[in-house]
Amino acid sequence: METWIKHALDTMYTDFAPGLGPDQFDAYDLQGWLSPEPPPGIVTPRSLRRQANAPDMLETDHFLLNLGPSHPAMHGALRMLVELDGEMVMSSEAHVGFLHRGIEKLAEHRRYNTIGTLMDRGDYATGIMGEWALARAVENLGEIEVPERAEWIRTVVAEVNRMASHYLWLGPLGLDSGAMGPFLFMMRDREACLETLEAVTGSRMMFNYVRPGGVVFDWNKEGNDKLLAYLEKADQYLDEHWEALIGSELFHQRVIGVGIVPHEMALSFAATGFIARASGIDWDLRRDRPYGYYDKLDFDVLTLDGEDIWARTLVRFDEMKQSIRMLKQLVEMGPPPGEHIAKLPKVLRLPEGEAYGSVEGARGELGVHLYSTGGDTPYRMRYRPPIQFHLAIADTVAPGQWLADALLSYGSFDFCFGEVDR
């Protein structure tokens, strides 16, 4: 185990106050604060509590606050309707749909090799992952054999895309906790990842690169050079980010014991990815159901039982370390010889049946379930976005927190509403 992990675990819940834990919610007599049904026509959160019902208690007015969809502290096009007692969140309710894409319905009228453009607009921070999940579903149903060179390229661009997405999470998490400087430097590192992807795929965001059977363009020297230049300094920069943000005592005081997601809650809400691993669920598709080139790589999966923002930060930071470790191994191996895409008919028709393809996305298990009736378009497509499940968890853990901590908790889930409002 690396030194930074051992130090973090040793100081996790000893040097700082544990904060508000799940067992402390009993201190609030929530049932005693329930009010009668609100008047018709008024939009209110679930279990709204307007005032104390005991005549001898100090009566305080609660008020409703709209956080988002354009609030500067909100992550993505999310509207959280929260009820506040002063600065304390008493209840919250998520309102989504401001970014509706219609991906699943549009896919029914698109040929299989063109649906990837829709997936880019789902989880738009890691479009490669969505394209790969769709390609795997098509390949499973059509029994398409993917060339080894294509699997190598897919794995490389997926891990670079994962790093770019994680920078876009860790930097704003620092902003939410009051740290401006680390955010700027993480955007510098993210730019190096995007330049590598642009050199290989031709795009920085909407890639349309991974197709059923392989990838559109072969690996090239420009992309390889940019990746090598990034990997040369990536570990050093991560260590600097640790010292500037994650190792800061001020950051510890903001995140330890805050935004607790108990193990049982993570299981019951079908959490995956770093949310699950930070709550003691040891599961990673790259290791447990390997695909691409992951079965040829040596990497670790960090699982903690801290259940709070601090644990989620450690798990995510270790993911970044492991991604760099994997990329170095892949570069050392080099792309295997062969074609970068399988030879397929110009119009791909899949046999009748159904298949599921999934990948370990940046935010959890991202899956695509296809149902085919034998044509060149799917009869039905189901997009499984991990963040939709995590949003329900965030909505549940917010009550009982200070408003500033609730906003930090929302940010720690790394929302991406293109896939929630798919």
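- The closest donor-acceptor contact from the side chain of Asp295 to the backbone of Pro290 lies at 3.5 Å or more, if one exists at all.
- Within the structure, no pair that satisfies the salt bridge (charged side-chain N to carboxylate O under 4.0 Å, His left out) test touches residues 62-74, not counting sequence neighbours.
- Under a 3.5 Å cut-off, the side chain of Glu131 and the backbone N or O of Asn208 do form a donor-acceptor pair.
- Remark: side-chain polar atoms of Arg363 are not paired, donor with acceptor, to backbone N or O of Asp123 under 3.5 angstrom.
- Taken from OG in Ser409 to CD1 in Ile260, the straight-line distance is 9.5 Å, to the nearest 0.5 Å.
- At distances below 3.5 Å, not a single donor-acceptor pair connects side-chain atoms of Glu365 with backbone N or O atoms of Ser358.
- Val89 and Ser92 get closest at one heavy-atom pair: CG1-CB, 4.5 Å.
- No side-chain heavy atom of Thr377 sits under 4.5 Å from any side-chain heavy atom of Glu108.
- The only option from Asp284, Leu297, Asp300 that meets the side chain to side chain contact (heavy atoms under 4.5 Å, CB included) definition with Gln322 turns out to be Asp300.
- Crowding of Tyr356 atom OH: a count of heavy atoms from other residues, nucleotides or ligands under 6.0 Å exceeding 12.
- Between Leu391 and Tyr410, every side-chain heavy-atom pair lies at or beyond the 4.5 Å cut-off.
- Annotation: the span from Gln329 atom CD to Ile324 atom CD1 amounts to 12.5 Å, rounded to 0.5 Å.
- Checked by atom type and distance alone, the side chain of Arg79 never pairs as donor or acceptor with a backbone atom of Pro69 at under 3.5 Å.
- Glu360 is linked by a salt bridge (charged side-chain N to carboxylate O under 4.0 Å, His left out) to Arg277, counting only residues two or more places apart in sequence or in another chain.
- Shown here are the side-chain contact (heavy atoms from CB on, under 4.5 Å) partners of Pro378, two or more places apart in sequence or in another chain: Tyr112, Ile115, Leu370.
- Across every non-hydrogen atom of Ala244 and Pro182, the tightest pair is CB-CG, 4.1 Å.
- In this structure, Tyr383 and Leu118 have side chains that are not in contact, with every pair of non-hydrogen atoms separated by 4.5 Å or more.
- Residues Glu159 and Ser323 approach most closely at OE1-OG, 2.7 Å, considering heavy atoms.
- Trp219 and His340 have their aromatic ring centers separated by at least 6.0 angstrom.
- Judged by distance alone, the side chain of Arg101 and the main-chain N or O of Arg121 form a donor-acceptor pair under 3.5 Å.
- Tyr379 meets the ring-ring contact (aromatic ring centres under 6.0 Å, His included) test with Tyr371; sequence neighbours excluded.
- A distance of 14.0 Å separates CG of Asp189 from NE2 of His166, quoted to the nearest 0.5 Å.
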Name every donor-acceptor pair, under 3.5 Å, that has one atom in a side chain of residues 145-152 and the other anywhere in the protein, sequence neighbours excluded.
| residue | atom | partner | partner atom | Å |
| --- | --- | --- | --- | --- |
| Glu148 | OE2 | Tyr293 | OH | 2.8 |
| Arg149 | NE | Asp218 | OD1 | 2.8 |
| Arg149 | NE | Asp218 | OD2 | 3.4 |
| Arg149 | NH1 | Pro336 | O | 2.8 |
| Arg149 | NH2 | Asp218 | OD1 | 3.4 |
| Trp152 | NE1 | Leu330 | O | 3.1 |
| Trp152 | NE1 | Gly334 | O | 3.4 |

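- By the side-chain hydrogen bond (donor to acceptor under 3.5 Å, both in side chains) test, Asp298 pairs with Arg325, sequence neighbours left out.
- Salt bridge status for Arg188 with Glu191: absent, with no side-chain N to carboxylate O gap under 4.0 Å.
- Phe98 meets the ring-ring contact (aromatic ring centres under 6.0 Å, His included) test with no other residue; sequence neighbours excluded.
- The side-chain hydrogen bond (donor to acceptor under 3.5 Å, both in side chains) check on Arg289 picks up nothing, with sequence neighbours excluded.
- Met320 has its side chain out of reach of His241: every pair of non-hydrogen atoms, C-beta onward, lies at least 4.5 Å apart.
- Under a 3.5 Å cut-off, the side chain of Arg154 and the backbone N or O of Gly214 do form a donor-acceptor pair.
- Among all heavy-atom pairs drawn from Ser412 and Arg312, the shortest one is OG-NH2, 3.0 Å.
- Geometric assessment of Arg384 against the ring of Phe389 yields a positive cation-pi assignment under the 6.0 Å and 45° thresholds.
- Checked against side-chain hydrogen bond (donor to acceptor under 3.5 Å, both in side chains), Asn140 has no partners two or more places apart in sequence or in another chain.
- Every residue meeting the side-chain contact (heavy atoms from CB on, under 4.5 Å) condition with Lys233, not counting sequence neighbours, appears here in chain and number order: Tyr237.
- The CG atom of Leu184 sits 7.5 Å away from atom CG of Leu175, with the distance rounded to the nearest 0.5 Å.
- Closest approach of Leu170 and Leu245 over heavy atoms only: O-CD2, 3.9 Å.
- Going from atom NZ of Lys328 over to atom CD of Glu232 covers 9.5 Å, rounded to the nearest 0.5 Å.
- Between Leu302 atom CG and Leu314 atom CG the span is 7.0 Å, to the nearest 0.5 Å.
- Formation of a donor-acceptor pair under 3.5 Å by the Ser177 side chain with backbone atoms of Gly174 is found in this model.
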Would Leu81 and Asn66 satisfy side-chain contact (heavy atoms from CB on, under 4.5 Å), going step by step from the backbone distance to the final call?
CA-CA 5 Å; Leu81 185 60; Asn66 278 295; 3.4 Å; yes
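- Taking Tyr294 as the reference, Tyr291 meet the ring-ring contact (aromatic ring centres under 6.0 Å, His included) condition, with sequence neighbours excluded.
- Looking at Leu194 and Tyr167, their side chains never come closer than 4.5 Å, going by heavy atoms from C-beta outward.
- Using a 4.0 Å cut-off between charged nitrogen and carboxylate oxygen, Arg254 and Asp405 count as a salt-bridge pair.
- Leu197 and Val160 get closest at one heavy-atom pair: CG-CG1, 3.8 Å.
- His369 and Glu354 share a side-chain donor-acceptor pair at under 3.5 Å.
- You'll find the side chain of Glu419 reaches within 4.5 Å of the side chain of Leu366, heavy atoms only.
- No side-chain heavy atom of Asp176 sits less than 4.5 Å from a side-chain heavy atom of Leu407.
- The number of heavy atoms from other shown groups lying within 6.0 Å of CZ (Arg111) does not exceed 12.
- Not one N or O on the side chain of His390 forms a donor-acceptor pair closer than 3.5 Å with the backbone of Phe269.
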Please assess Trp132 against Val215 for the test side-chain contact (heavy atoms from CB on, under 4.5 Å), listing each intermediate value before the final yes or no.
CA-CA 10 Å; Trp132 200 356; Val215 294; over 6 Å; no
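- Using a distance-only test at 3.5 Å, with no hydrogens or angles considered, a donor-acceptor pair links the side chain of Ser372 to the main chain of Pro351.
- Applying the ring-ring contact (aromatic ring centres under 6.0 Å, His included) test to Phe417 and every residue at least two apart in sequence or in another chain returns Phe415.
- Side-chain contact between Leu173 and Val255 is absent, with no heavy-atom pair separated by less than 4.5 Å.
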